[in-house]
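Each chain gets a letter, A, B and so on, in the order its sequence line appears, and its residues count up from 1.
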Number of protein chains: 2
Amino acid sequence: MADVAKAAGVSPMTVSRAFKRDSSVSDATRAAILQAAETLGYVFDSTASNLRSQRSDFVAVTVPSINNANFAETVRGLSEGLRARDLQILLGYTDYDMEEEERLIEQFLRRRPEAIVVTGGRHTDRARRMLENAAIPVVETWDLPEDPIGHVVGFSNADAVRGMVDHFVRRGLTRLAFIGGDAQRDTRGTDRRRGFIRAMQDHGLEAHRLIDAGAPPISMAEGAMAMGLLLARFPDTQAVICVSDLSAFGALTECQRRAVPVPERIEIAGFGDYDVGAVCVPALSTINPFPRQIGSRTAELILSLLDAPQPPRVIEITPELILRGSSA
Amino acid sequence: MADVAKAAGVSPMTVSRAFKRDSSVSDATRAAILQAAETLGYVFDSTASNLRSQRSDFVAVTVPSINNANFAETVRGLSEGLRARDLQILLGYTDYDMEEEERLIEQFLRRRPEAIVVTGGRHTDRARRMLENAAIPVVETWDLPEDPIGHVVGFSNADAVRGMVDHFVRRGLTRLAFIGGDAQRDTRGTDRRRGFIRAMQDHGLEAHRLIDAGAPPISMAEGAMAMGLLLARFPDTQAVICVSDLSAFGALTECQRRAVPVPERIEIAGFGDYDVGAVCVPALSTINPFPRQIGSRTAELILSLLDAPQPPRVIEITPELILRGSSA
DNA sequence: CTGAAAGCGCTAACAG
DNA sequence: CTGTTAGCGCTTTCAG
């Protein structure tokens, strides 16, 4: 920077200002400085800037998986919203593992982010403590935790599934099943299953048709296998709700392979409103939790929090029931 | 850190060492220091560490889209490989836009990454210049550029599609079509189309059955629309190769909606070996470019480059032809 | 194995 | 609109 200053005939401080957006430098001076920087091949060093100004311009974000269209949409909403303020996202994935999440959170906090966004409301004790002491805005997403750490942008996974159960029961179907994954890892999946069971019980119906499809995330192939099991174990099932559209699509294909007509013989519903569910034949009934909106609302929240601290807020997103051909 | 040092009765320098992996501190001292840090709620400040040590422990990575299973797999391979050395990924997506890529690269270089990984071999002039002058390892992926900037881990998109064309022609099919996107944005898609056209010409066949499905990335729904157009414009088409499995799946569903039997009336192939293609009925023939391996090989390369600079290397991945029910 | 001194490259704070 | 001074919180370097 000193070299650029010399070349442009100004002080380093002026060079520093020229590289900021709205700081007061005359247009002519700024142009000369940027010209000199270009010629010298100077690249601004954020590291030093961050240390001195005590601002990293990072927002740390953890998601369970990077290879998931729902979370990818949330990250997209976030990063588009944060770009306006030139905030960069520090993205990490936990692989649906709370220990890994803890590791990531520790790494991220060392980078002094302006805010941190995590997926879900369940964390290791240590992770929770680190977030509580971080002295930056903390946002939990994709869930409505009972005891939030800070802010929340999410929805109730249990209630969303309840809406789907209600829909089936209203139409007179009573023998409903749920395909999901291992209860330990995916807390949102577990919440959805719990929502299924409670809703069934509230309708006075039995909720024993539960197929465990393995460790989350449940893939399309695992959904297909689970449907095979379901048809074998509970052949009288009238409708099945799957933990995601991916497993629901797998289940649908298994029916196609076995020539089990959907929705005539069995109805299928998913979760997440993934592309595949809108395009497949028949199209999948599903629940849209508005993942993109979760991201954009979180971004808005963070921006307003950086301007002025505010008491913890809970922004609830209302998922939408989408009925398509797979459920008549 | 000074506070922790005081609490532990040592100098700040010793605290600094205690937080590093293999630096020489007695076990007892380290334990006392970490204990003191925990009690005081001290969180190590990477920002200062980075500035002084001139190491950021970042690897910058740009991908066209975060919402794409193929690129997500590459990022996964990368981040797993880099975790061994505690390198964090600074991930950005370009939205298939070279201008956006340039913007990202500029932002990223200011953070002083240890290396930078970009997708594809086409960049704006300025982006290319920045990368050339960056004085860090540069890796271009998912392509085999004619004039690489630095290192390369990728494959020829054109040749991969040629293999699929050869397969169809060998089986006696001659009226082949290609469904792809707008030529400007997605250079890998364009390369695949070019590969299709050249291969057809080399076989002495006409390559006029080209359906433009819009701006990349081509969605499943766009694939479906494109199949509608294809059936209308070139009803005698025997087989269609799609720029990705997503569009291929969309095309397949359109055939199902129109009761056009696949593969009997028309055969379909995709690209990328996405999950959906393995599960759908019939399953999609496709090309597996080993996206995870692109990431892990890139990570290996970067690790070896950080140990000792080496002349530019081109690591070629050989895509695999996968034949399934959609192509008889 | 531990400590003291100096400084990484930028910008806050103040002055003009 | 521009400049001067001091220092962000670590770690390099050298010494013991």
Side-chain angles (χ1 to χ4, degrees), chain A residues 1-37 40-58 86 88 106-114 134-136, chain B residues 1-37 40-58 86 88 106-114 134-136:
Chain A
M1 192 178 256
D3 297 343
V4 175
K6 205 167 293 173
V10 295
S11 75
M13 193 59 236
T14 304
V15 176
S16 171
R17 290 194 179 103
F19 273 91
K20 299 283 156 239
R21 286 225 164 144
D22 348 271
S23 53
S24 51
V25 186
S26 77
D27 287 350
T29 311
R30 171 171 278 136
I33 289 170
L34 295 180
Q35 173 58 47
L40 294 175
Y42 166 77
V43 178
F44 183 88
D45 189 331
S46 312
T47 308
S49 169
N50 295 340
L51 175 60
R52 174 65 242 219
S53 63
Q54 300 291 74
R55 303 189 58 238
S56 66
D57 289 337
F58 275 132
D86 274 333
Q88 260 169 32
E106 180 167 22
Q107 292 294 317
F108 281 173
L109 290 179
R110 294 178 169 202
R111 301 266 185 195
R112 298 288 188 268
E114 311 296 331
I136 53 172
Chain B
M1 193 179 256
D3 297 343
V4 175
K6 206 166 295 174
V10 295
S11 74
M13 194 57 239
T14 304
V15 176
S16 171
R17 289 195 179 101
F19 272 93
K20 297 287 155 236
R21 287 227 163 142
D22 344 275
S23 53
S24 49
V25 185
S26 76
D27 286 349
T29 311
R30 169 171 280 134
I33 289 171
L34 294 180
Q35 174 57 48
L40 294 175
Y42 166 78
V43 178
F44 183 88
D45 189 333
S46 311
T47 307
S49 168
N50 294 341
L51 175 59
R52 176 64 245 218
S53 64
Q54 299 291 74
R55 302 189 60 240
S56 64
D57 290 335
F58 274 133
D86 274 334
Q88 258 169 32
E106 180 167 22
Q107 293 293 320
F108 281 173
L109 290 179
R110 293 179 169 201
R111 302 267 185 194
R112 298 288 188 267
E114 312 296 332
I136 53 174

Practice task
Check the pair B/D57, B/E114 against side-chain contact (heavy atoms from CB on, under 4.5 Å), reporting the backbone distance first and the verdict last.
Solution key: CA-CA 6 Å; B/D57 290 335; B/E114 312 296 332; 4.3 Å; yes
Exercise for the section: Sugar-phosphate means primed atoms, P, OP1 and OP2; the rest is base. With that split, encode nucleotides 11-16 of chain D 5' to 3' as B, S or - using protein heavy atoms under 4.0 Å. Expected result: BBB---
Under 3.5 Å, which donor-acceptor pairs link side chains of residues 10-18 of chain A to any protein atom two or more places apart or in another chain?
from, atom 1, to, atom 2, distance (Å)
A/S11, OG, A/M13, N, 3.4
A/S11, OG, A/T14, N, 3.4
A/S11, OG, A/T14, OG1, 3.3

Problem - Interatomic distance where CG belongs to A/L109 and P belongs to D/dG9 [whole Å] - result: 17 Å
Practice task
Using only side-chain N and O atoms of B/S11, determine if any of them is under 4.0 Å from OP1 or OP2 of C/dA4.
Solution key: no
Problem - Between D/dG9 (P) and B/D3 (CG): distance, integer Å - result: 10 Å
Problem - Counterpart residues, side-chain contact (heavy atoms from CB on, under 4.5 Å), relative to B/R110 (two or more places apart) - result: A/F19, A/V43, A/F44, A/S46, B/E106
Exercise for the section: Hey, could you give me each pair passing side-chain hydrogen bond (donor to acceptor under 3.5 Å, both in side chains) that has a residue in residues 25-35 of chain B? Not counting sequence neighbours. Expected result: B/S26-B/T29, B/Q35-B/T39
Practice task
Please report, rounded to the nearest Å, how far the C1' atom of D/dC8 is from the CG atom of A/L51.
Solution key: 4 Å
Exercise for the section: Describe the nucleic acid contact of B/Y42 in one word from base, sugar-phosphate, nothing, applying a heavy-atom distance below 4.0 Å. Expected result: sugar-phosphate
Problem - N or O in side chain of A/T14 less than 4.0 angstrom from D/dG3 OP1/OP2 - result: yes
Exercise for the section: Whole angstrom is fine here: how far is it from CZ in A/R111 over to P in D/dC8? Expected result: 21 Å
Problem - Short side-chain N/O contact from A/Q54 to OP1 or OP2 of C/dC10, under 4.0 Å - result: no
Practice task
Would you indicate, yes or no, if D/dC1 has its OP1 or OP2 atom less than 4.0 angstrom from a side-chain nitrogen or oxygen of A/T29?
Solution key: no
Exercise for the section: For residues 1-16 of chain A, pull every pair meeting salt bridge (Lys or Arg N to Asp or Glu O under 4.0 Å), keeping only residues two or more places apart or in separate chains. Expected result: none
Completion exercise
A/D86 meets the side-chain contact (heavy atoms from CB on, under 4.5 Å) criterion, sequence neighbours left out, with A/R21, B/R103
Problem - Toward the 5' end of DNA chain D, by each residue's nearest nucleotide, A/D27 or B/V43 - result: A/D27
